[in-house]
Structure formats: structure tokens, C-alpha cells
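Being a predicted model, the structure only gives us computed values, none of them experimental. First listed ligand is number 1; within each ligand, the first listed atom is number 1. For the numbers below, each heavy atom of this structure counts, side chains included, while hydrogens, waters and symmetry mates do not.
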Amino acid sequence: MAAALQTLGGGIGITLHWIAFTPTIEQQATEEQKKKWLKLAQDVAIVGAYAQTEMGHGTFVRGLETTATYDPSTQEFVINSPTLTSTKWWPGGLGKTANHATVMAQLYTRGKCYGPHNFMVQIRSLENHQPCPGVTLGDIGPKMESNGNDNGFARFDHVRIPRENMLMKFARVEADGTYVQPPSSKLAYSNMVYLRGTFVMSAAQALASATTIAVRYSCVRRQSEMKPGEPEPQILEYQTQQYKLFPQLAAAYAFWFASWFMTQQHGSITGSMEKGDMSGLAELHALSAGLKSYTTAVTARGIDVCRMACGGHGYSHASGLPALFGGAAALCTAEGENTVMMLQTARYLVKCFAQSQAGKRLTGTVAYLSAVQPSPVAGNRNMSDLGTLVAAFQHRAARMVRHAAMQMQGEMQKGKAREDAWNSCSVLLIKAAEAHVHSFVVRNFAETVQTVEVDESVRAVLTSLCQLYSLYGITEHAGDFLKDGYLTGRDIDAASSHLSAMLARVRPDAVALVDAFDLHDKILRSVLGRYDGRVYEHLYEWAKKSPLNKSEVHESYYKYLQPFLKSNRAKL
Ligand SMILES: CCCCC/C=C\C/C=C\C/C=C\C=C\C(=O)SCCNC(=O)CCNC(=O)[C@H](O)C(C)(C)COP(=O)(O)OP(=O)(O)OC[C@H]1O[C@@H](n2cnc3c(N)ncnc32)[C@H](O)[C@@H]1OP(=O)(O)O
Ligand SMILES: Cc1cc2nc3c(=O)[nH]c(=O)nc-3n(C[C@H](O)[C@H](O)[C@H](O)COP(=O)(O)OP(=O)(O)OC[C@H]3O[C@@H](n4cnc5c(N)ncnc54)[C@H](O)[C@@H]3O)c2cc1C
């Protein structure tokens, strides 16, 4: 059913029903409320949107303007859009598809505001799909990509819902209007943590799709002369083509493994939280925010590298790459704009650094911050050894976190307010957080290839891919590693030579590595990435189906070109 709705395309957006609306019920509703809504959502007996973002606020959730005011006389909440900028804006499926929405609104009871909370609101009739009384709905118009999804707007004119429609697993309002605090005010944000975690897998899958298309096409496409008189080679024989594609291929595997870790972490920490142990929430938030930001940004850039590596045909929608890029670009903004998310990770790192300075032993993904030696130990390193590469990334991250935190402390010692010191160091903080997430991805990649249950021949290939990913990162960010002498110029030269060797080593397995993603042609939707490699015949067939080819002479000739040509000829 869902697949059918999904393929309905234009105007039907059910993605957010699955990835945001239904999980919000699962994570934020009481058992009683789940009995009422969860099965309806899981069976698609209702279709929902996750309505949090407004025209005036997406990032700053505490600044949302929609209100939910409790009326004890009727035991109802009144949902209202007080200003134009409070109009809910962007939620997927909100425009034309959903008949319910979880609405994030500022909760008011007994004249006091308790901040953003989630409320279940029916927005369309289950009989005729017309908007409910007091609800104004619509689509926000064409976007960069994903125009099959009706991202919409919604306004509420004093819409009344029962008290029981507040999702009350964590916080609640009693019948008399008493507000009962949640264990943490951030539990209302828990579904965003979950969704950011799923974006890591979306990024991995998107980069896997793009590298599958580009690597397969690079084996079909022959171009130029590598040696005079010899046949045109596969473009994948060019080292530059390998340098473009194989680091993206390695990143796809790295992000795939990082998403495994993210899923496992989310499950175990939310499991502990169910038992009242909130201690893991801060690390989970920092990791999901940082990984979402890092993997989606690298993926969007990587897809465009794959698009360019396919030449002119990469720019055609026949390749599937422009659509992939548009989707990945959305992942960089949605579910927490990437800069803002990376700053959240930086906030956590600065806090952990201060704790480590005060003598606390750090654990989890930040344990290395207290273990890494501040003074660089220069020397001839074995740059093909995974342990050496992981240590280099951790040293780089620790140094950059320390530098950003000390810079901030320095600003505050000069008398700057903490917020001003934060803002004036935020570029350093972002770079430090990116280095931290990069070091996590490298370490997790190395640990996975060393422990995953595969036969040794596969482990050897995955190890080469992990070396390639790490060496590429070191050569791309060489300055960070050279700055305190931890790596020398000779180490960087060694890294570059090993990287070239890895490109050649991965080449024979490149097609097998993308085939291993097992992405069906129906998922890839790419003439260039077809499993059977019959690109040119299908490119021609694809072009012939272009709407412009419905008539031999297009109507625009008669309307515009013919009179234009005629008048120009008359002047000769
Ligand atoms: C190629 C294939 C792609 C196909 C797909 C194509 C198209 C579709 C793509 C995407 C659409 C899909 C879904 C999209 C859905 C959405 O976008 S839903 C809306 C998402 N919106 C957001 O994510 C909003 C982001 N903003 C925030 O989360 C908060 O405003 C922010 C965290 C930025 C700030 O919150 P604030 O309350 O102001 O907190 P502070 O910065 O002051 O920090 C206070 C402390 O709270 C901790 N904290 C913050 N958030 C969390 C959290 N979620 N969990 C736990 N803890 C949290 C923070 O660390 C601070 O703690 P300390 O005081 O430092 O201890
Ligand atoms: C395809 C798509 C689907 C979406 N689906 C949904 C959905 O289903 N439900 C929903 O509720 N929302 C949805 N959204 C909205 C999305 O969550 C927001 O657009 C996103 O959170 C970014 O917020 P914003 O638009 O307010 O960006 P802004 O925050 O206005 O970003 C603009 C700039 O301001 C900067 N900035 C903002 N705050 C800070 C800060 N504190 N420090 C430094 N820089 C800052 C940002 O880095 C950015 O460069 C969707 C968006 C897209 C594109």
C-alpha cells in the first residue's frame, strides 16, 4: 500500500508519515494514546505529517510561534497560528496528503508558557479529505527536487482538540491545567535525534547509488587515447577518474558502517532511557547531530563529483544523478540545518574538554580526547597501518577541540560574555567538530573491517577501502596534521603514494564493490548505471520519450520561430 502511494508521485507525500509522524507516536505517546493512533498509522488508516517548522522558524525550535493554550473549562487545547510567520511551512505531506499532523506548539496553561510540545491534530475530514474547520492547508510550491512530495503549509484558527491529544509520554497537563515536568525538557526533541540517525543511512544509500552509477558507467564509457594507436580505454583506467570515484565509494562504505553504529547506539541508549537512565542522551544527541551533518554534506558533494565524472550524460536526468543530488541537498538542510547541528556537537565537545581538564575520565566517542598526548610525537610513521591512521585522525581532532576551547576561554578571560566568545570562535568550533566526527567515522570503519564476519579475501578488500578513505582524508586535510608536527612532510608524501597504490588496488574490485550494494535498476533509476551496461541503446530510447519529441515540429515553431525567421528574412 505504502509503495503504491509512494509511486503515486505528484502530490502524494507519504515519506514523512513513515519516517517522522509514526515514529513520533511511537516515541512520544503514552501507551493509552498508542492504542488509539499507532495501529491506525501503521496500517495507513490515517496519514500524518510532522508539523514543527514554521515560515519564520525552523532551526530555533524554542522560537516557534504556534500556540496550544489549555482551557480547563472544556479540558481542551486551543491550537492557534497567531502570526503569518507562525504558519507551519515545509512539513512533508502537509499540503495535500495528510489528514493528521503532530503539531509542535508552545504549550500554555494557567497563563504560563512551558515551551514546545507535540500535539495530535486532525487536519482533514476522513470522509471527503476537506480541511477541518479552522484549518487552512496548501502546498508550498515547486522546490529544487522531490516535487512529488507535497511539502505544505498549515494555519490554525483557534482549533480545539481534547486534552488527551497532547502527546504525554514525558510531560503532561492534568485536567485542572497542572503541568507535570518531563525527566528532561529535551525529550520532546527525541524524535529529531532518531530521524537524524536515519539520515546517516539515507546518506550512505545515496552515495552508494551515485557511486554505483558512476563506476558502472566508467566501465562502459571509453574515451580518448591513453597511448597513441591503442583503442580508447574505459575511463575508469584514468587515475584521475579513480581519484574522483573511489574515495566516494569508500565513504559510502564508511557511512554505511557508521549508520550501523548509530542505530545500535540509538537502540541501547533509548532502551536505558525507558528505564529512567538519561545519562546517554547528551552523547546520543551530539553523535546523531554531528554524523547527520557530516555524512549528508560529504554525500551531497560526492554525488556531484560522481555527476561530473560522467560528463555530459551525467548532467541528464537519464543518469539519475541530478535527482540524487537534489535529494541529498535536502538532507543537508532538513532535520537540523548542518551548521547548526555541527555546532551542537561542538557544544558537547567543549563541555567534555572542560570535564577532561578538570580530571574526569571521558568515555564513549570522546574517550580519545583525554587519552591523546598534547605534544606531537613526530617520526617515520607507517602510513599504511590502520592503527597509525586512526591515531592521526584522533590526534588532529583532539588538537583542534583543545585549540577551539582554549581560544574561547581566552576570549572570555578578555571579558567577553560566553555567548559572544562562542560566536567569535564558532568557525574554529565547527572545524573541530568536523574533525571529531571524521575521526569517529575512520575509527568505526577500521574497527568494522577488522571485526565484521566476512571471509579473509573480502576483509582484504574492505581494509584497502578503509586505508583509501583514511589516506584521502589525510591528504585532503594535510595542514591539520602538519600544524603541530604530529605528521611530517615525509609522512604526507608517504600517504599520497600509498593512496595512489590503493587506487590501483581497488580498481579490479570496483564493480564488485558497487554491485555489493545490490541496488536494483528500479531503485537506481539510471540509464548510465544499468546492471546490464546497455547504456547507449537505453539512452536513445529514454530521449525518444521526451515530451518534446511527441511531434516532429514543435508548436513553438509556428507560434514563435516561424514568424521570427520570416520577419528577419524580410529585412534582408
Ligand atoms: C538522496 C536521498 C534523499 C531522499 C530524501 C529527499 C527529501 C526529503 C529530505 C528530508 C525531509 C525529511 C524529513 C525532514 C524533517 C524535518 O526537517 S522535521 C524538523 C527538523 N527540525 C530541526 O531539526 C530543528 C533543529 N533545531 C533544534 O533541534 C534545536 O532548536 C537546537 C538543538 C538547535 C537548539 O535547541 P535549544 O533548545 O535552543 O538548545 P540549546 O542549543 O540551547 O542547548 C540546550 C541543551 O539541550 C541539549 N539538546 C538540544 N537538542 C537536544 C536533543 N535533541 N536531545 C538531547 N539534548 C538536546 C543541548 O545539547 C544542550 O545541552 P547542554 O546545556 O549543553 O548540556
Ligand atoms: C526537503 C525538506 C523537507 C522538510 N520536511 C520537514 C518536515 O517534514 N517537517 C518539519 O517540521 N520541517 C521540515 N523541513 C524544514 C526543515 O526542518 C528546516 O528547513 C530546517 O530545520 C532548517 O531550518 P530553517 O529553514 O529555519 O533554516 P535557518 O536556521 O533559517 O538557516 C539559515 C541559515 O542560518 C544559519 N543559522 C541558524 N541558526 C544558527 C545558529 N544558531 N548559529 C549559526 N548559524 C545559524 C544556518 O546555519 C543557515 O546557514 C523540511 C525542509 C526541507 C528542505
Of the backbone atoms (N, CA, C, O) and the side-chain heavy atoms from C-beta on, which set of Tyr194 has a member under 4.0 Å from an atom of ligand 1: side chain, backbone, both, or neither?
neither
Between His477 and His438, how do the two ring planes meet: parallel, tilted or perpendicular, split at 30° and 60°?
perpendicular
Which ligand 1 atoms are under 4.0 Å away from a heavy-atom of Ala334?
10 (C), 11 (C), 14 (C), 17 (O)
Among side-chain atoms of Thr296 and Asn338, is any donor-acceptor pair under 3.5 angstrom?
yes
Should Phe517 and Trp256 be marked as a ring pair (Phe, Tyr, Trp, His ring centres under 6.0 Å) after you check the CA-CA gap, both sets of side-chain angles, and the distance that decides it?
CA-CA 10 Å; Phe517 292 130; Trp256 208 289; 5.6 Å; yes
Would you kindly say whether Lys143 and Asn149 are connected by a side-chain donor-acceptor distance under 3.5 Å?
no
Could Arg301 and Asp304 be called an ion pair, given the rule that one side-chain N must be under 4.0 Å from one carboxylate O?
no
Check each heavy atom of Tyr50 against ligand 1 and say whether those closer than 4.0 Å belong to the side chain, the backbone, both or neither.
side chain
Residue-ligand contact Ser202/ligand 1, heavy atom below 4.0 Å
no
Considering Gly327, Ala329, Ala188, Ala206, which one's heavy-atom position lies nearest to atom 3 (C) of ligand 1?
Gly327
With heavy-atom distances below 4.0 Å as the criterion, list the atoms of ligand 1 near Gln52.
19 (C), 20 (C), 21 (N), 22 (C), 24 (C)
Closest to atom 30 (O) of ligand 1 among Leu64, Asn149, Thr59 (heavy-atom distance):
Thr59
Nearest heavy atom to atom 35 (O) of ligand 1, choosing from Tyr189, Phe60, Phe325, Phe199, belongs to Tyr189
When you look for heavy atoms under 4.0 Å from ligand 1, do you find them on the side chain of Glu335, its backbone, both, or neither?
both
Atoms of ligand 1 less than 4.0 Å from Val340 heavy atoms?
33 (C)
With atoms numbered from 1 as shown, which atoms in ligand 1 lie under 4.0 angstrom from a non-hydrogen atom of Arg62?
36 (P), 37 (O), 38 (O), 42 (O)
My understanding is that we take every heavy atom of each candidate and find the minimum distance to atom 57 (C) of ligand 1. Doing that for His285, His57, Glu283, which one comes out nearest?
His285
Around atom NE2 of His317, are there more than 12 heavy atoms of other residues, nucleotides or ligands at under 6.0 Å?
no
Would you call Lys431 and Glu434 a salt bridge, using N to O less than 4.0 angstrom?
no
Quick look: Lys351 vs ligand 1, heavy-atom contacts under 4.0 Å, and the answer is side chain
The protein heavy atom nearest to atom 31 (C) of ligand 1 is Gln344 NE2, 4.1 Å
Report the part of Thr15 (side chain from C-beta onward, or backbone N, CA, C, O) that has a heavy atom under 4.0 Å from ligand 1; answer both or neither where that applies.
neither
Looking at Arg155 and Glu54, is there a salt bridge between them, counting it only when a charged N and a carboxylate O are closer than 4.0 Å?
no
Quick one about Asn191 and Tyr50 (side-chain donor to acceptor, distance below 3.5 Å, no hydrogens or angles considered), yes or no?
yes
The answer for which part of Arg347 has a heavy atom under 4.0 Å from ligand 1 is side chain
Partner of Tyr348 by side chain to side chain donor-acceptor pair (under 3.5 Å), out of His285, His436, Glu283
Glu283
Taking the side chain as everything from C-beta on, heavy atoms only, tell me whether Phe325 gets closer than 4.5 Å to Leu321.
no
Return the orientation label for the Tyr179 and His117 ring planes: parallel under 30°, perpendicular over 60°, tilted otherwise.
perpendicular
Between Thr83 and Glu65, is there a side-chain donor-acceptor contact under 3.5 Å, judged purely by atom types and distance?
yes
Tell me which part of Val61 gets within contact of ligand 1: side chain, backbone, both or neither, using heavy atoms under 4.0 Å.
both
Distance from atom 13 (C) of ligand 1 to nearest protein heavy atom, with residue and atom
Leu16 CD1, 3.5 Å
Considering heavy atoms of the protein only, find what lies nearest to atom 23 (O) of ligand 1 and give residue, atom and distance to 0.1 Å.
Arg196 NH2, 2.8 Å
Can a non-hydrogen atom of Gln205 be found less than 4.0 Å from any atom of ligand 1?
no
Which of the atoms of ligand 1 are close to Leu324, meaning less than 4.0 Å from one of its heavy atoms?
1 (C)
Side chain, backbone, both or neither: Ser146 near ligand 1, heavy atoms under 4.0 Å
side chain
Looking at Arg124 and Gly95, what are the two nearest heavy atoms and their distance?
NH2-O, 2.8 Å
Identified ring-ring contact (aromatic ring centres under 6.0 Å, His included) counterpart of Phe445 within the set Tyr253, Phe257, Tyr472:
Phe257
For residues 192-218, which residue pairs qualify under salt bridge (Lys or Arg N to Asp or Glu O under 4.0 Å), counting only residues two or more places apart or in two chains?
Arg216-Asp515
Where is the nearest protein heavy atom to atom 45 (C) of ligand 1: which residue, which atom, and how far?
Lys186 CE, 4.0 Å
Got a salt bridge between Asp420 and Lys416, using NZ or NE/NH1/NH2 to carboxylate O under 4.0 Å?
no
So the atoms of ligand 1 within less than 4.0 Å of a heavy atom of Ala328 turn out to be 1 (C)
Option among Thr299, Leu249, Thr295 that satisfies the side-chain contact (heavy atoms from CB on, under 4.5 Å) test with Leu207
Thr299
Note down each nitrogen or oxygen pair, ligand 2 side and protein side, whose separation is under 3.5 Å; give only atom names and the distance to 0.1 Å.
unit_1: ligand 2; atom_1: 8 (O); unit_2: Gly92; atom_2: N; d: 3.0
unit_1: ligand 2; atom_1: 9 (N); unit_2: Tyr50; atom_2: O; d: 2.9
unit_1: ligand 2; atom_1: 11 (O); unit_2: Tyr50; atom_2: O; d: 3.4
unit_1: ligand 2; atom_1: 11 (O); unit_2: Gln52; atom_2: N; d: 3.1
unit_1: ligand 2; atom_1: 11 (O); unit_2: Thr53; atom_2: N; d: 2.8
unit_1: ligand 2; atom_1: 11 (O); unit_2: Thr53; atom_2: OG1; d: 3.1
unit_1: ligand 2; atom_1: 12 (N); unit_2: Thr53; atom_2: OG1; d: 2.8
unit_1: ligand 2; atom_1: 17 (O); unit_2: Thr53; atom_2: OG1; d: 3.4
unit_1: ligand 2; atom_1: 23 (O); unit_2: Thr59; atom_2: N; d: 3.2
unit_1: ligand 2; atom_1: 23 (O); unit_2: Thr59; atom_2: OG1; d: 3.4
unit_1: ligand 2; atom_1: 26 (O); unit_2: Gly58; atom_2: N; d: 3.0
unit_1: ligand 2; atom_1: 26 (O); unit_2: Thr59; atom_2: N; d: 3.2
unit_1: ligand 2; atom_1: 29 (O); unit_2: Thr59; atom_2: OG1; d: 2.5
unit_1: ligand 2; atom_1: 47 (O); unit_2: Glu337; atom_2: OE1; d: 2.7

Proximity flag Gly58 to ligand 1, non-hydrogen atoms under 4.0 Å:
yes
Asp150 side chain vs Gly152 backbone, donor-acceptor pair below 3.5 Å:
no
For atom 22 (C) of ligand 1, which protein heavy atom lies nearest, and how many Å away is it?
Met192 SD, 3.4 Å
What protein heavy atom lies closest to atom 9 (C) of ligand 1? Include the residue and the distance to one decimal.
Ala330 CB, 3.8 Å
